[in-house]
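What follows is a short report on a single structure.
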Amino acid sequence: MVVMLILMIIPAVNPLGIPIPISDYTREVYNYIENLPSGSIIVVANNVDVALWPEEETFAKALFWHLGEGPHKFVIVNFGADSPLLISGALTDINFEISFPNKKYGDDYVLMGFLAGGETAMASFATNPQGVFEQDFYGTPIEQLSIMKELKGASDIDLIVHITGSDADSPVRQWVETFHIPYAAAPTIGWVPTYMPYYNAGQLVGLIAGVQGGAEYELLIGRPGSGLAINDALSLAFLFTILLAILGNIDHLISRLKGG
Amino acid sequence: MSFFRRRELYVAITFITGLLTIFDYFISFDALNNTAAALRNWVVLIAYFAIVLGLVNTFVFHGRRVFRKGQQWVYSAWLLFVVVSITLIGIFSGTNHPIYSFLFTNVYGALGPSGYGIMAFFIASAAFRALRARSFEALILLTAVVFTLLYRAPVGGIMPFIPQIGDWIQSVPSAGGMRGIIIGMAIGAIGMGLRTLLGYERGYLPE
Amino acid sequence: MADMLSTLSPWIGVLVTIGFWSYLYKENPLFRVVEFTFIGFATAHATVMAITELKKNLVAPIVNKSNYILLVPTVLGLLLYTRYSKDLRFLERFPISIMVGIGTGVAVRAMVRAQLLAQIQQTIQPGKPIDGLIIALLTLGSVTYFIFSSEEGLPKSTIPFYNGLRRIGRIAIMAAMGAAFGNLCVTRYTMAISRIMEAVKLFIG
Amino acid sequence: MIFVEGTIIATIILAFIWLAMIYNIERAKGGKLPRIRAIPALNAIDEAVGRAAEMGGRVLFVNGIGDLTSVSGPETVAGLAVLRYLSKCCAESGIEVVAPLTQAQVIPVASEAMRTGFIEAGNPEAFQEDNIRYVSSSQWGLATSCMGIIGREKAVSSVLVGAFAGECLAIVSAGAEAGVFQIGGCGRNTTQMPWFVSMCDFSLIGEEVYAAGAYLSRDPLELGSLVGQDYGKILTAGLIILGYILYIFGSKALYNILGM
């Protein structure tokens, strides 16, 4: 266990940079955002709870960096109770306001609060994005946020990027099949299998698979960071686990040979 | 009063509420759907009442320990102090109180990831002890674990054949096995449902 | 005080992790402090949430909107507390039998279509024929594995076939378990690593 | 009054399984004893109790994090049926069983189940209300307290049956490290089953959990109902074979019918 701990600490202190290939579905999300006409409105939807956040944090930060550098506007909406706090933490962590002084809060981007109700809330947001909120996360009345005035209905949303810790059913049913909004999913690795059939059917713009996808995204935007370190540590830890399984079996074999 | 002690009465209540909930799903009929919705709402409220029951249980259990100076009574006393103070803060000053939100983020919020994290070490030790190929079935388990780990490890993406093998394991043998489990589980729950509604099941309502 | 708390905050988080993980060495007082503090806070938190919800969804409608029908769940909820009286405790069965009834109903209705039928549908309309055949065979095997009746009732000649199918089922289930084991490692390892990184950041800066 | 779209076949299947169960219950009433194969994990409960008695320890019973009113209701009740049987065995051997609970609504039911077990063993005075412990409604409250009980209170065996999520790995691993004899399983959460399968001495998966109460009761009527469930599995197998043959001939008929 000590070895395990050390293997996990090494990359944290000094990333090894084990090469990782960039999957097509990660690249597709990146390209889609790059190719949107300037001034497009991207909705970043969120429902991750605090315990699963470490898996999504990497991608969230990389995405905000990418959006900060790009010419688009974005609205952050939360469908999980923990998400607004997590997102505002991520924005603070990358120093969004200082790093991107030309992005004005309220005009170019905005953070809305938590919308309760799961799938129903997703549907009502797509029907009438302005109507479901009275104020943003920080308590500013919605009338003072010019970006929200542009967002009248589903057709004003050019892309939804969904950072999520749950399955594909409700977002696909609502946003993709009912409202036909371009949709990119960023689920935690555990939920990736539920999104795969929809991706294969061409219903998704792209897919970011947990922390691995996040690290690939970091590479795409040219800012390798914590995601890569996590991936290094993951690779080491996995190989070590396999080694342990092999050692366990050798031990088993020896004791059987001795005993038998 | 003896009427209220009869087991049949409670079986009947379970039978009616259960069947009502099931029909609500299959049949679209306003009176039925509204009743079922109201009933579900009631049950949510009853469950909130039950949570306070948990508080009472906590007081009885830890209170007795402190009072009798039983095992770990100091910790129990600390637990009671936390419960009382946090409950009072939460009710009277709201959950935005600095101490409340401090504990929420740093204790309540940190324990989940730590808990998931500690499992990495447990898994490592399990890999050594539990993944031994004692039988053919165990060998299959071991093989599936090893290939899935290689497939999921970021570094696996650059190894030859690993992505293809990993994909295949996920989408073919694993899918087949899971499907049988899920079908069995569904039938099991359906069967359990009938036994419960008819009063055969013994997990609740003992004689 | 808020300032002090915010400086303390990452340290407490790391301390919680260390306390929890120290169990790996052995059960110890720091672990106990973490355990009891957590349980205390979580109990209080659940209670506060329950009281808030009761105020909002029970007391407010009764007082403001005269929604007196909600007195029924109030009484049912209070009946749970009869368990502290020897003579009246059987009354707790009222709310419990309603809860079990609803739970049973919800589970049964969710199972038939979303689980049972959906799984059969996926099996008989596979994407690739050869993989599909393997999946169908493994599914048959693992369904057979769960059959409870003993094979004594079967004609003698079919028993080896039946047992073979069950064996296939066991193997398929093991493969599924192995794959799930590996998949879950990703989440668990990521959590461990991110906790470690937080600590490393704190100590090394 | 109309059927909700897409539920006709579901209703027929449900009715078929239930009628098959009732038919077999009636047959059992008529004196035809159903023959059921052995479920080793459930037979091992006696061994778990035996070990605890021999070593003068206790048995830990964990019912998971399920409540009564949601989809996890039946799993939870199934776990409590095991608790009742386990309590009976423990009471006969004069040892204690400790049950930490996360759902306050389960407290009264679990307490009744345990008390009944003690009454059935003819030893009602030995029942202690203190062994039903509420440990907050959080899964981590359950995990830490089980780990604590294993570490501090001489838990020699443990039985885990109910609805579990992420916490189960922490509990079974702590048990495995400490050399506790473990029997465990959950019904619905397929992602957690591998931990029970690989780390417990005996494991229950899926349908076996739901059948536990009937199996342990040895009551012919309940065993008859299990035979009825088998009819459901045979029907399912038949549908799969038929559907696959139709698929080979290029027909989607059965697929479409099942969706009705």
Side-chain angles (χ1 to χ4, degrees), chain A residues 1-2 4-15 48 50-59 81 89 93 116 165 167 169 187-193 196-197 200-201 209-215 225-242 244-245, chain C residues 6 9-10 13-14 16-18 20-26 38 41-42 45-46 49 52-53 56-57 110 113-115 118-119 121-123 125-128 131 135 176-205:
Chain A
M1 280 186 203
V2 180
M4 187 82 163
L5 191 66
I6 293 169
L7 283 178
M8 286 180 171
I9 291 177
I10 295 170
V13 181
N14 186 7
V48 179
V50 68
L52 288 172
W53 181 240
E55 256 200 85
E56 291 292 316
E57 194 176 7
T58 312
F59 172 66
D93 277 354
D167 69 313
D169 284 1
T188 49
I189 214 83
W191 293 114
V192 170
M196 264 312 178
N200 290 332
V211 71
Q212 210 167 326
S226 69
L228 287 175
I230 292 182
N231 270 298
D232 284 350
L234 269 181
S235 287
L236 288 181
F238 277 10
L239 295 178
F240 181 63
T241 310
I242 294 172
L244 282 175
Chain C
S6 68
S9 128
V14 169
V16 166
T17 305
I18 294 174
F20 200 160
W21 290 11
S22 66
Y23 185 89
L24 290 169
Y25 173 62
K26 71 192 264 250
F38 179 82
F41 182 84
H45 181 60
M49 290 296 137
T52 319
E53 292 295 326
K56 203 165 73 190
N57 298 321
R113 196 163 65 137
Q115 308 286 355
Q119 294 298 329
Q121 281 184 309
Q122 282 173 24
T123 313
Q125 214 45 238
K128 299 174 194 155
D131 283 353
I135 297 178
M177 293 293 106
F181 189 116
N183 285 339
L184 233 69
C185 286
V186 183
T187 323
R188 304 301 181 252
Y189 283 23
T190 311
M191 297 300 166
I193 294 163
S194 75
R195 293 310 296 168
I196 292 172
M197 287 194 172
E198 202 139 297
V200 168
K201 246 191 263 166
L202 205 62
F203 287 113
I204 302 177

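Just so we're on the same page: letters track the sequence lines, and every chain starts at 1.
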Looking only at non-hydrogen atoms, find the nearest pair between [X] and [Y] and report the distance.
{"X": "C/Asn183", "Y": "A/Ile189", "value": "O-CG2, 4.2 Å"}
{"X": "A/Glu55", "Y": "C/Thr190", "value": "CG-CG2, 3.9 Å"}
{"X": "C/Val186", "Y": "A/Leu234", "value": "O-CD2, 4.2 Å"}

Item to complete: Measure the CD1-OH distance between A/Ile230 and C/Tyr189 for me, rounded to the nearest 0.5 Å.
Response: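 Atom-to-atom, A/Ile230:CD1 and C/Tyr189:OH are 15.5 Å apart.
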
